[in-house]
Amino acid sequence: MNHHPLWTPLPHTAHALGRTVRHGGGTLVHQTADAFRLFTGRAPSTFHTLADFTGFAEITAAIQAHG
């Protein structure tokens with residue numbers, strides 16, 4: 001899994017070979033939510049955070065693909 005930078009040579013190569021590449025954002029968001037729940041006793045909503053992370057990942061990938 002890779003969170004930052006999202007696109008390194010390994011995912012680029014895997015993508016070029018037709019492999020499915022995932023950025024690991026879902027795991028990052030849900031592990032963070034679990035830690036938050038353990039420390040505070042409150043369950044956070046992950047829906048918006050995951051959507052923000054996914055949007056960020058798509059924008060970053062597009063920029064890196066053209067840069």
Side-chain angles (χ1 to χ4, degrees):
M1 250 185 299
N2 192 44
H3 303 302
H4 183 76
L6 294 172
W7 288 95
T8 61
L10 181 61
H12 275 294
T13 301
H15 182 71
L17 293 171
R19 303 295 190 253
T20 300
V21 178
R22 302 194 195 293
H23 55 69
T27 301
L28 176 67
V29 169
H30 289 288
Q31 285 178 346
T32 302
D34 288 342
F36 182 86
R37 185 175 18 264
L38 288 172
F39 282 105
T40 67
R42 298 181 355 207
S45 171
T46 57
F47 179 78
H48 294 293
T49 306
L50 188 55
D52 289 343
F53 192 95
T54 301
F56 171 75
E58 291 171 356
I59 292 168
T60 302
I63 290 169
Q64 290 179 346
H66 293 97

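Shown here for Thr8 and Pro11, the closest heavy-atom pair between the two residues is OG1-CD, 2.8 Å. Across all non-hydrogen atoms, the minimal contact from Gly26 to Leu50 is CA-CD1, 3.6 Å. In this structure, Val21 and His15 approach most closely via the heavy-atom pair CG2-N, 3.7 Å.
Note that CG of Leu28 is 10.0 Å distant from OG1 of Thr49, once rounded to the nearest 0.5 Å.
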